[in-house]
Protein chains: 2
Amino acid sequence: MKTINLTTQRQAVYDIVRTAEDHPTAADVMNRLVERGHSFAYGTVYNSLRYLTDKDLIRELKLGETASRYDARTDDHQHIVCEVCGRVDEVMTAIPESWMTQVAEETGYEVAGAHIVVEGVCAECKSKRKK
Amino acid sequence: MKTINLTTQRQAVYDIVRTAEDHPTAADVMNRLVERGHSFAYGTVYNSLRYLTDKDLIRELKLGETASRYDARTDDHQHIVCEVCGRVDEVMTAIPESWMTQVAEETGYEVAGAHIVVEGVCAECKSKRKK
DNA sequence: ATTTCAATTTAGAATAAGTATAAATCTATT
DNA sequence: AATAGATTTATACTTATTCTAAATTGAAAT
């Protein structure tokens with residue numbers, strides 16, 4: 001179950017996501033593949049992204065936009081989106097366990113985890129706005 | 001700016017969302033309108049949902065599924081989704097201010113708010129599973 | 001009551017993101 | 001070299017939503 005078969009296309013997709021400074025969408029990945037001289041079928045990119053996600057090599061992010069984004073950091077963390085420029089950054093501060101426990105009590109659910117999208121204004125947009 | 005023009009169709013859409021026990025999608029709203037004898041254009045339902053959202057009469061929820069859901073509770077709260085049956089419930093326990101502050105410090109963002117989707121197993125599915 | 005004008009609704013086309021399918025191609029093993 | 005299984009490709013399809021242009025409605029002014 002832990003066998004990972006990295007074909008040429010999967011490797012190339014993984015490389016794009018791994019070396020990305022941002023959190024690319026499937027379309028972003030497509031474009032960057034072309035920039036690097038590849039030309040894979042649209043479906044292959046989606047298949048690869050799903051495969052890599054299934055194998056926990058990357059993570060799929062659903063941040064409330066129309067398109068999913070992908071992230072090579074697979075450790076537990078959250079995200080923050082800039083309302084002005086759309087920039088996405090990582091949030092490493094963990095949600096307090098006590099909050100999770102309280103939610104479990106309130107709802108009667110067995111809580112497995114939480115996806116958080118924080119919204120705000122990034123440092124750059126903040127300083128631009130002051131002017 | 002605070003004028004609210006509730007046409008017949010907007011009123012009907014609002015009624016569906018307001019009286020819903022769940023968190024209906026646009027398609028759900030469509031179906032329930034038909035059940036109640038209405039037949040509005042598809043676009044009108046979307047327009048109405050957006051209008052009501054803009055006027056803060058309802059809230060649009062993006063819970064990571066393909067379709068948005070709508071909620072007549074507009075006070076600040078979060079949601080929890082059952083991984084087994086897909087049921088969605090409200091989470092009223094607020095995220096601690098201290099967490100928000102820490103995120104602001106960590107990221108350099110001016111934090112405005114957060115959308116949280118908790119995942120877990122609802123009480124019903126928990127007890128079913130035990131058998 | 002009639003005209004007028006903006007807002008709204010309608011039907012249907014268009015778009016965007018992603019999935020499904022069937023044939024072709026690779027790859028590892030006999 | 002032959003076979004089988006997995007993968008890729010090209011393309012069609014689906015789903016959710018937005019856009020568009022014409023038709024309708026409704027309120028205000030005549």
Asks: Would you name the heavy atoms of B:P96 and A:W99 that are closest together and state the gap between them?
Replies: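 Nearest heavy atoms, B:P96 then A:W99: CD-CD1, 3.7 Å.
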
Asks: Only one of B:R59, B:R18, B:H79 forms a side-chain hydrogen bond (donor to acceptor under 3.5 Å, both in side chains) with B:D71, so which one is it?
Replies: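 Only one of B:R59, B:R18, B:H79 forms a side-chain hydrogen bond (donor to acceptor under 3.5 Å, both in side chains) with B:D71, namely B:H79.
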
Asks: Without decimals, in angstroms, what is the distance between B:E60 CD and D:dA16 C1'?
Replies: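 After rounding, the gap between these two atoms is 11 Å.
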
Asks: Would you give me the side-chain donor-acceptor pairs under 3.5 Å for residues 41-54 of chain B, sequence neighbours excluded?
Replies:
residue, atom, partner, partner atom, Å
B:S48, OG, B:T44, O, 2.8
B:Y51, OH, B:N5, N, 2.7
B:T53, OG1, B:L49, O, 2.6

Asks: Would you tabulate the pairs of protein nitrogen or oxygen atoms and nucleotide nitrogen or oxygen atoms of nucleotides 5-7 of chain C closer than 3.5 angstrom?
Replies:
none

Asks: Find the distance A:R50:CZ to C:dA20:C1' and express it as a whole number of Å.
Replies: 10 Å

Asks: Return the angle between end axes of the helix from C:dA1-D:dT30 to C:dT30-D:dA1, with five pairs used per end and rounding to 10°.
Replies: 10°

Asks: Identify the two heavy atoms, one from B:V91 and one from B:H77, that lie closest to each other, and give their separation to 0.1 Å.
Replies: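 Heavy atoms only, the tightest pair is O-CB, 3.4 Å.
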
Asks: Ignoring backbone atoms, establish whether B:S68 has a side-chain N or O less than 4.0 Å from OP1 or OP2 of D:dT17.
Replies: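 Indeed, a polar side-chain atom of B:S68 lies that close.
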
Asks: In the structure I gave you, are the side-chain heavy atoms of B:E105 and A:T93 within less than 4.5 Å of one another anywhere?
Replies: no

Asks: Using 0.5 Å steps for rounding, measure from the SG atom of B:C82 to the NZ atom of B:K126.
Replies: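 So the SG of B:C82 and the NZ of B:K126 are separated by 10.0 Å.
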
Asks: Any N/O pairs under 3.5 Å between the protein and nucleotides 10-16 of chain C? List them or say none.
Replies:
residue, atom, partner, partner atom, Å
C:dT10, OP2, B:A41, N, 3.2
C:dT10, OP2, B:T44, OG1, 2.9

Asks: For B:H38 and C:dT9, give me the distance from atom NE2 to atom C1', rounded to whole Å.
Replies: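 In whole Å, C:dT9 C1' and B:H38 NE2 are 15 Å from each other.
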
Asks: If the cut-off is 4.0 Å, is B:Y46 near the phosphate of D:dT17, judged by side-chain N/O to OP1 or OP2?
Replies: yes

Asks: Could you give the CD-to-P distance, from A:E65 to D:dT18, as a whole number of Å?
Replies: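 Checked: the CD to P distance equals 15 Å.
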
Asks: Side-chain contact, heavy-atom cut-off 4.5 Å: B:Y14 with B:I58?
Replies: yes

Asks: When you group the ILVMFWY residues by side-chain heavy-atom contacts below 4.5 Å and let the links chain together, are B:V17 and B:F40 in the same group?
Replies: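 Yes; tracing contacts between hydrophobic side chains, which count when under 4.5 Å, links both residues.
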
Asks: By the rule that ILVMFWY residues connect when side-chain heavy atoms come within less than 4.5 angstrom, directly or transitively, which residues belong alongside A:V84?
Replies: A:V121

Asks: Can you tell if the side chain of B:R129 reaches within under 4.5 Å of the side chain of A:E110, non-hydrogen atoms only?
Replies: yes

Asks: Check nucleotides 24-27 of chain C for protein N or O atoms closer than 3.5 Å to its own N or O atoms and list the pairs.
Replies:
none

Asks: What is the distance, rounded to the nearest whole Å, between atom CG of B:N31 and atom P of D:dA16?
Replies: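 The distance from CG of B:N31 to P of D:dA16 comes to 11 Å, rounded to the nearest Å.
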
Asks: From CG of A:L49 over to P of C:dG18, roughly how many Å is that when rounded to an integer?
Replies: 9 Å

Asks: By the definition side-chain hydrogen bond (donor to acceptor under 3.5 Å, both in side chains), identify the one residue from A:Q78, A:R73, A:H23 that meets it with A:E90.
Replies: A:H23

Asks: How far does CD1 of A:I16 sit from CE of A:M30, to the nearest 0.5 angstrom?
Replies: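 It comes to 11.0 Å.
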
Asks: Quick check for you: to the nearest 0.5 Å, what is the distance between B:R69 atom CZ and B:D22 atom CG?
Replies: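 Taking CZ in B:R69 and CG in B:D22, the distance rounds to 7.0 Å.
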
